[in-house]
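Notes follow once the structure below has been shown.
Hydrogens, waters and symmetry mates are skipped; everything else that's a heavy atom, side chains included, is used. In what follows, chains carry the letters A, B, and so on, assigned in the order in which the sequence lines appear, proteins first and then strands, with residues in each chain numbered from 1.
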Protein chains: 2
Amino acid sequence: MLAGMKSPMSYCTDATWVGRSDCQHCDIRGTMLFSELQERELGDLLRPVDNLRLAAKSSLYHEGEVGDAVFTVRKGLVRLVHYAPNGTRRIVRLLKSGSVIGMEVLVNTHYHHCAEAVSDTDLCRIPVEVITQLEGRNPALHTALMRRWQNSLDDADMVITQLSTGSSHARVARFLLLVAIDPHRTECHHLMREDIAALLGLTVETVSRVFAEFKRNGWLVEGADCPRINPQALERVATD
Amino acid sequence: MLAGMKSPMSYCTDATWVGRSDCQHCDIRGTMLFSELQERELGDLLRPVDNLRLAAKSSLYHEGEVGDAVFTVRKGLVRLVHYAPNGTRRIVRLLKSGSVIGMEVLVNTHYHHCAEAVSDTDLCRIPVEVITQLEGRNPALHTALMRRWQNSLDDADMVITQLSTGSSHARVARFLLLVAIDPHRTECHHLMREDIAALLGLTVETVSRVFAEFKRNGWLVEGADCPRINPQALERVATD
DNA sequence: CGTCGCGTTGACGTAGCTCAACCTACGTGG
DNA sequence: CCACGTAGGTTGAGCTACGTCAACGCGACG
C-alpha cells in the first residue's frame, strides 16, 4: 500500500494485503465482531488487524491447515468447502458480509474446511492472540464470540433442514430465498451452478433445469448484475 | 427424592427430577462442561444444577420455546429435531454423553430445536444464570463453552458432509460408524429406522432395505442389546 | 481463430420414493 | 386364557425424480 510498508502476507497464499484495518471507522462496524467494544479499546489493540482482498475463486485457507487467525467478511461471499476422499465436493455453508470465518482455531490448531471466495471479497484478518488478549480484559467480547458461534451453528442447521431436505425444486427455491441480499428478498447473490449444486446436494444439470423452469414461470430473472426473484412464488415452492 | 424436598420441575414437562447434581464426583466429570473448573468453585455455585431423567421418546424442550437453562447429557442419547410446516421431520443432530444441549439460550431467548430422548437419558440442567455468574470470575469456562460450541458445529458439519451426502448405502454405513459407542467401533447405539431415516434424509423403507443388505453381507448383527458392526467393511462402503 | 469455462438441453437408466400388504412382539382388556 | 390393537419392521411392485452421459451453445480471452 505505502512504499516501505511491507505486506506481512507470508501466512496466506491467495489473498492480497490492502492495509491495516481502521475498525473504528469500518463501514459495517455495527455488525462486526468488535462492535460491542469501546472506541479506545479498539484503537489500542487492533493494530495487527489486516485488511485483505480475496479474488473470486481463490482460497483463504485449506482444510487441515494450521492457522492462527480468524477472519470477518466485510464485502462479498465466501464458501466453506469439504472435499471428500472420493472426490465429492460439498459446500458446508456460505458466509455473507458480517460473518466470522475460521473460529475453530480459537479452540483447535487447524481449520476444518477450505474457505474460498465466491465473489471478490474483502476481509479482516484478526490474529488469535488479539482475541485472547482482548478477551482477558473485556467481557463483552465473550458475548460477541458466542453470538458468532451460534450464528455459524444456525447457518449449519439451515443447510441441514432447508438445503439438504426435500425435492430439488424446494431446495433451489429455499436457496434463492436464503442468499437474498436485501430485506425484501428480491435480489440475490450470484453463484455458479456448480456451487449451488454442491450446496444443495444435487447435480449441476438438475440445478440448471430447475432454474430454467423458474425462469419460464417468471419467478426468476438472471440479469447482468444479480438474479432477481419473486419471493412470494418461491416461498410457495419452498414449502413442500 | 428426599421427603420434604420438592422437585422444582415446573419448567419441564416430561423430564423427572432425580436430585441435585454432585458435579465434583460426576462419573463423567472429565468430559463435562465444568471439567476445567477448580473443586471449590464447583461446590459454591453448582447447587442449583439439577439432575434429570428423561424417558425414551419424551422431550426436553420444543422449538421456539423460551428457555433459561442448558443441559449436558450424562447417559443416553438425545436427538435434536426440526419439524417443517409441511410435516417433514428432520433430525439435525444426535447428542451423545458429554454433549451440551440448548446453548442457544446463552445468546438467544428461545430454543432452536426440539430435544427428545432417543433412549432413556440422564441429564444435568444448568441454569443460564449459573453460567453467566461463573463466567464473570472464571476465564477457563469461556474456553470450555467455546469448545462445546465448536463441538456442536463439528457435529452439524458431520451431518452435512457425511450423513446428507452420497448414496443410501454410504450414508447408512457412515451413520453406523458415527454412532459407535466403543473406540473400536464394533457396537453402536440403537435407533429406530424412522430416526435413522430422518437423520439421513431417506425413507424408512430405504433404510430398512440397506440394513437388510448389510445383515445379509454379515457386516451388521442386530442382537437384543445393541447392533454390532464390522467397521472395516462399512468403512469401505462409506467411501463412495 | 481456437480454446476454455460455464451453462443448457435431451435421452436414457436407476436409485430411491410411494403405496400396500404383511409380520412379529407386546400390551391391554374382556 | 384368548382377542384385539398398536408400534415397529420387512418386503414387493411400480413409478418418478434425479443422476448420468453426451452433445451443443456462447461469450471471454489469448
Side-chain angles (χ1 to χ4, degrees), chain A residues 55-58 79 84 86-91 116-120 163-176 189-217 220-227 237 240, chain B residues 55-58 79 84 86-91 116-119 163-176 189-217 220-227 237-238 240:
Chain A
K57 278 168 239 187
S58 53
R79 59 181 183 234
N86 61 31
T88 313
R89 176 172 170 274
R90 180 94 209 221
I91 294 187
E116 303 165 350
V118 171
S119 50
D120 292 344
L163 305 183
S164 307
T165 309
S167 69
S168 60
H169 292 254
R171 293 190 200 188
V172 172
R174 296 191 203 117
F175 160 77
L176 287 167
H189 279 283
H190 175 77
L191 278 85
M192 316 189 333
R193 302 287 184 264
E194 197 180 328
D195 282 346
I196 303 173
L199 180 62
L200 305 185
L202 300 171
T203 58
V204 194
E205 293 92 333
T206 302
V207 172
S208 182
R209 277 184 251 267
V210 175
F211 263 69
E213 196 175 327
F214 285 0
K215 286 198 252 184
R216 275 194 297 275
N217 296 343
L220 168 67
V221 180
E222 288 193 295
D225 45 346
C226 69
V237 182
D240 61 30
Chain B
K57 278 168 239 188
S58 53
R79 59 180 182 234
N86 61 30
T88 312
R89 175 173 170 275
R90 180 96 208 221
I91 295 186
E116 304 165 349
V118 171
S119 50
L163 305 183
S164 306
T165 309
S167 71
S168 60
H169 292 255
R171 293 190 200 188
V172 172
R174 295 190 204 118
F175 160 78
L176 286 168
H189 278 282
H190 176 75
L191 278 85
M192 314 191 333
R193 302 287 185 264
E194 198 181 328
D195 282 346
I196 303 173
L199 180 63
L200 305 186
L202 301 170
T203 58
V204 192
E205 293 93 332
T206 301
V207 173
S208 182
R209 278 184 249 267
V210 176
F211 262 70
E213 197 174 327
F214 285 0
K215 286 198 253 185
R216 274 195 297 276
N217 296 344
L220 168 68
V221 180
E222 289 192 293
D225 44 346
C226 68
V237 182
D240 62 29

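- Between B:Lys57 and the phosphate of D:dA7, there is no side-chain N or O to OP1/OP2 separation shorter than 4.0 Å.
- Salt-bridge check for A:Lys57 with A:Asp120: failed, with every basic side-chain N at 4.0 Å or more from each acidic carboxylate O.
- Inter-residue side-chain proximity for B:Ser119 and B:His190 is flagged as unmet; no heavy-atom pair is nearer than 4.5 Å.
- Contact check for A:Phe214 versus A:Leu176: side-chain heavy atoms found under the 4.5 Å cut-off.
- Between chain A and DNA chain C, the heavy-atom contact criterion of under 4.0 Å yields a 5' to 3' nucleotide range of C:dC6 to C:dA11.
- Two residues, B:Leu191 and B:Arg209, neighbour DNA chain D, and the one matched to the more 5' nucleotide by heavy-atom proximity is B:Leu191.
- Taking atom CD of A:Glu213 as the reference point, atom P of D:dA17 lies 11 Å away to the nearest angstrom.
- Here the closest non-hydrogen pair linking A:Ser168 and A:Thr206 is CB-CG2, 3.7 Å.
- Shown here for B:Ala197 and B:Val204, the closest heavy-atom pair between the two residues is CB-N, 3.7 Å.
- Minimum atom distance to the side chain of A:Ser167 is reached by D:dC18, of the listed D:dT11, D:dG9, D:dC18.
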Indicate for each nucleotide in nucleotides 24-30 of chain D, in 5' to 3' sequence, whether protein heavy atoms under 4.0 Å reach the base (B), only the sugar-phosphate (S), or nothing (-). -------
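- Counting heavy atoms from C-beta outward, A:Glu116 and A:Ser58 have side chains that stay 4.5 Å or more apart.
- None of B:Ile91, B:Val172, B:Leu199 except one satisfies the side chain to side chain contact (heavy atoms under 4.5 Å, CB included) rule with B:Leu163; the exception is B:Leu199.
- Among residues two or more places apart in sequence or in another chain, the side-chain hydrogen bond (donor to acceptor under 3.5 Å, both in side chains) test is passed with A:Glu222 by A:Arg193, A:Lys215.
- Taking CG from A:Leu202 and CZ from A:Phe175, the interatomic distance works out to 11.0 Å, rounded to the nearest 0.5 Å.
- Five base pairs at each end of the helix from C:dC1-D:dG30 to C:dG30-D:dC1 define two local axes, and these are offset by 20° (rounded to 10°).
- A distance-only check finds a donor-acceptor pair linking the side chain of B:Arg171 to the backbone of B:Leu200 [under 3.5 Å].
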Could you walk me through whether A:His189 and A:Val118 pass side chain to side chain contact (heavy atoms under 4.5 Å, CB included), step by step? CA-CA 10 Å; A:His189 279 283; A:Val118 171; over 6 Å; no
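- Against DNA chain C, the stretch residues 197-207 of chain A makes heavy-atom approaches under 4.0 Å through A:Glu205.
- Under the side-chain contact (heavy atoms from CB on, under 4.5 Å) criterion, B:Ser164 pairs with A:Arg90, A:Ser164, B:Arg90, B:Val159, not counting sequence neighbours.
- Shortest non-hydrogen contact noted between A:Ala117 and A:Ala55 is CB-O, 3.4 Å.
- OP1 or OP2 of D:dT10 sits under 4.0 Å from a side-chain N or O of B:Arg193.
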